[in-house]
Colleague: 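Before I ask anything, let me first share the structure, which is written out below as structure tokens.
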Amino acid sequence: MKAVLASSLALCVTLAAGLAPSARAAALPLSPRPPLIRGAGLRALGRHARAQPPEGSARGVAMSLRGGAAAAAVLAPHWTSLLPPLATIMVSLVAKQVIIALLAGLWAGACLLHANPVVALLRSVDTYSLNALADPEHAGILIFTLLLGGAIGVIQKTGGSLGLARAFGPLARTRRRAAGTTFGLSSLIFFDDYSSVLITGNSLRKPAARAGLSVQKFALIVHAMGTCIASLSPVSSWTGLQLGYVAGAVAAAGVPMDGFSMMLATIPYRLLPLIFVALIAVSVFAARDFGGIADAEAAAAAAAGADAPLTGEAGARGATNGDAYEAPAGEAGPLDPKPGTPLRPLNALLPFGAIIACAFFGMLADGGAKLGAAARGAGIFQLLAACDSVRALIWASLAGTGVALLLALSERILSVQEALGAWMDGMKEVLEPCVILTLAWALGAVIADVKAAAFLASLLGGGLPKPALPPLLVLLCYAMSYATGSAAGTMGVVFPLAAPLAASLGGGDVQFVTCCFGAILGSSLWGNICSPIADTSIMTALATKCGLTEHVQTTTQYALLAGGVALACTALLSLGVVGPGGALLSGVAMIGLAATRFRPEPKSAAAGKAT
């Protein structure tokens, strides 16, 4: 251990001595954008920038690929500009880890700008990552995300989320009612996909099994609905992530819209989650399935003949004794309620109601303050367009946190220390998305500096037809999200490339840009639903007790159908054949037509019992 520490110290001293002159020369004042794009050029990098590398050296080859030392000061679009996103994609395929992939792409882009790989690594951290955090809008989004995560943590610790789930348990008396109850509870837990999957899966698993619903179909509903609903909700743990990407893309595309307004405008264009919800609705309410799910339902129906219908058992995670929570066997999680905690739905409904109300009215109030005297004659959409949405979301998450803490303390469910501990544990749950978001912002900045989007636009702008871009983005997001298992990582790579390209091909057409952004936000979800390495896939398998391989195989069949229909409808939309409403109706019609070929619900002795 001492030898390792000594070697590490020696390496640090060596690097510090070798890089000190350039580090001092590169010590520029912090700015919202990296120093290079202010026109400082390589002069700001000291002797590393001024000295010409030996011909044939590795550094010389890297510099020559960019057109020499002078090219780094004012970079022209070049094929090497695509190395950062390509490196991100390749590393994500190999490492199956989004954070490592984003770091690799960030470093690759910094290498193109600085040539020296060690300097590039330092600039990745002390310039690009630091500037991503220093941007006021970025910082606001991170604060909102952390506060919301803390509020969710307190709500879960007080038993509010499980209380909401417990109220639905007695409704799942037959197979169809169990599926419908699962569908309904997943829709109500709109604020977080992880919470939806874990709460719905653990709460209704036993009631659904006793009703004769196959574990494969139960897992499909829990996973698809939990992910799709949270991604579509304007107030959820996804909001900060999506808003961060959209706000940056709006600025890059030069669209005269507020980031939050654009995010809301993309919802009708997110065809994949909307069509997937329609497919699940057909499976649940029409009781028609195909493929592995249909086979599993037939097997469950045959096995359920001797089972009695439910008599109102809640079946929440951990048993419930009346209105109190009993800890499950094994080690309890940090956000599991204490044994004996009353499971009250109001402890979830009131905080989330406060978040929704404060977000909406806060945006109106801030928009009115921005408009001043002109606010008297302004409508709701004008107020929303003028507001600082991030500020209102911070107010809302703070209000939700306050209400959750007040309920926990006033009902004496938690002590002050326990409530603050749950609040911090909730923040820890969203720490990884915050890191991913920060690295994605930094990657977007370095991609902009190496002019990757400009090169791609020049390459495709003349040869790629305008209607081809949205379907192409859909396919790209499908492939990336499946390979990485991360919608966040997919958005972080695709948005910086697509935004300028959409603006270039669109020629000022805001609806076309909105269609492209909606295609990215919606299609990035595909891998989250069916990739075997997606965290929600693993969580669903754990919460529903369905084997991961079996769950992925049966869910992928439905994901392929929904994905194909969404791709076709996106093509119709981009061609101008239909609008967003017509595209959604076309997708629902295609799903309905396909459902005529599905197998109807199998009959069992349990199916004909009490309703």
Side-chain angles (χ1 to χ4, degrees), residues 96 179 182-183 186 193 196-197 201 214-232 238 270-284 288-297 471 473-491 494 518-541 543-544 546-571 583-584 587-588 590-595 597-599:
K96 309 294 185 185
T182 306
F183 184 95
S186 298
D193 53 339
S196 179
V197 166
S214 68
V215 67
Q216 293 84 354
K217 183 169 181 175
F218 178 61
L220 170 68
I221 301 169
V222 167
H223 191 178
M225 291 298 296
T227 308
C228 291
I229 295 298
S231 72
L232 291 169
W238 285 67
R270 303 183 204 176
L271 293 176
L272 176 67
L274 291 170
I275 289 173
F276 216 129
V277 169
L279 176 59
I280 298 300
V282 168
S283 173
V284 169
R288 302 184 73 90
D289 295 288
F290 70 98
I293 296 292
D295 295 337
E297 279 291 277
L473 292 174
V474 169
L475 289 173
L476 179 61
C477 290
Y478 284 176
M480 274 208 63
S481 62
Y482 188 85
T484 63
S486 170
T490 301
M491 295 175 197
V494 177
I520 298 171
L521 290 172
S523 303
S524 296
L525 207 68
W526 197 75
N528 273 43
I529 299 174
C530 64
S531 174
I533 62 172
D535 47 8
T536 48
S537 296
I538 298 169
M539 286 182 180
T540 301
T544 62
C546 180
L548 178 61
T549 302
E550 192 174 18
H551 171 58
V552 169
Q553 288 176 347
T554 53
T555 301
T556 299
Q557 296 171 343
Y558 280 67
L560 287 170
L561 175 59
V565 171
L567 176 63
C569 292
T570 300
L584 179 58
V588 172
M590 293 180 193
I591 293 295
L593 183 62
R597 308 292 298 176
F598 296 174
R599 278 186 267 173

Colleague: Which heavy atom of Tyr478 sits nearest a heavy atom of Ala566, and at what distance?
Modeller: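 Closest approach of Tyr478 to Ala566, heavy atoms only: OH-CB, 3.7 Å.
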
Colleague: So if I apply the side chain to side chain contact (heavy atoms under 4.5 Å, CB included) rule between Ile529 and each of Leu220, Thr556, Thr536, Thr555, which one comes out positive?
Modeller: Thr555

Colleague: For residues Ser524 and Thr490, report the shortest heavy-atom separation together with the two atoms involved.
Modeller: OG-CG2, 3.5 Å

Colleague: If you compare all heavy atoms of Gly292 against all heavy atoms of Gln557, which two are closest, and at what distance to 0.1 Å?
Modeller: N-OE1, 2.9 Å

Colleague: Do you know which two heavy atoms are closest between Ile221 and Ala179, and how far apart they sit?
Modeller: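 Closest heavy-atom pair between Ile221 and Ala179: CD1-CB, 3.9 Å.
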
Colleague: What residues form a side chain to side chain contact (heavy atoms under 4.5 Å, CB included) with Ala278, not counting sequence neighbours?
Modeller: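 Val588.
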
Colleague: What are the two closest non-hydrogen atoms of Pro532 and Val552, and how far apart are they?
Modeller: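 Here Pro532 and Val552 meet closest at CA-CG2, 3.8 Å.
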
Colleague: Tell me, do Val277 and Met225 make a side-chain contact under 4.5 Å, heavy atoms counted?
Modeller: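 Yes. Closest side-chain heavy atoms under 4.5 Å.
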
Colleague: Could you give me the CA-CA distance, side-chain angles and deciding distance for Cys546 and Thr540, then say whether side-chain contact (heavy atoms from CB on, under 4.5 Å) is met?
Modeller: CA-CA 8 Å; Cys546 180; Thr540 301; over 6 Å; no

Colleague: Would you please test Asp193 and Thr227 for side-chain hydrogen bond (donor to acceptor under 3.5 Å, both in side chains) and show each step?
Modeller: CA-CA 5 Å; Asp193 53 339; Thr227 308; 5.0 Å; no

Colleague: Grab the two heavy atoms, one from Ala595 and one from Arg288, that are nearest each other, plus how far apart they are.
Modeller: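 Heavy-atom minimum between the residues: O-NE, 3.0 Å.
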
Colleague: Between Leu521 and Ser231, is any pair of side-chain heavy atoms under 4.5 Å apart?
Modeller: no

Colleague: Which pairs count as salt bridge (Lys or Arg N to Asp or Glu O under 4.0 Å) when at least one residue sits in residues 548-570, sequence neighbours excluded?
Modeller: none

Colleague: Which residues satisfy the ring-ring contact (aromatic ring centres under 6.0 Å, His included) test with Tyr558, sequence neighbours excluded?
Modeller: Phe290

Colleague: Under the side chain to side chain contact (heavy atoms under 4.5 Å, CB included) rule, collect the residues that match up with Leu232, sequence neighbours excluded.
Modeller: Ile267, Arg270, Pro273, Leu274

Colleague: Could you check whether any side-chain heavy atom of His551 comes within less than 4.5 Å of a side-chain heavy atom of Val215, counting everything from C-beta outward?
Modeller: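 No, side chains not in contact.
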
Colleague: Are Cys228 and Leu525 close enough that some pair of their side-chain heavy atoms sits under 4.5 Å apart?
Modeller: yes

Colleague: Compare all side-chain heavy atoms of Ile275 with those of Leu279 and state whether any distance is below 4.5 angstrom.
Modeller: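 The answer is no, as the side chains (C-beta and beyond) never meet within the 4.5 Å cut-off.
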
Colleague: Would you confirm whether Ser531, through its side chain, and Asn528, through its main-chain N or O, come within 3.5 Å as a donor-acceptor pair?
Modeller: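 It does not hold such a pair.
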
Colleague: Taking Glu297 for the side chain and Lys217 for the main chain, is one N or O donor matched with an acceptor at less than 3.5 Å?
Modeller: no

Colleague: Could you tell me which residues satisfy side chain to side chain contact (heavy atoms under 4.5 Å, CB included) with Thr554, sequence neighbours excluded, listed by chain and number?
Modeller: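 Only Gln216, Ile293 meet the side chain to side chain contact (heavy atoms under 4.5 Å, CB included) criterion with Thr554.
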
Colleague: Please identify each residue that fulfils side chain to side chain contact (heavy atoms under 4.5 Å, CB included) with Ala281, with sequence neighbours left out.
Modeller: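 Per chain and number, Ala281 pairs via side chain to side chain contact (heavy atoms under 4.5 Å, CB included) with Phe183, Phe285.
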
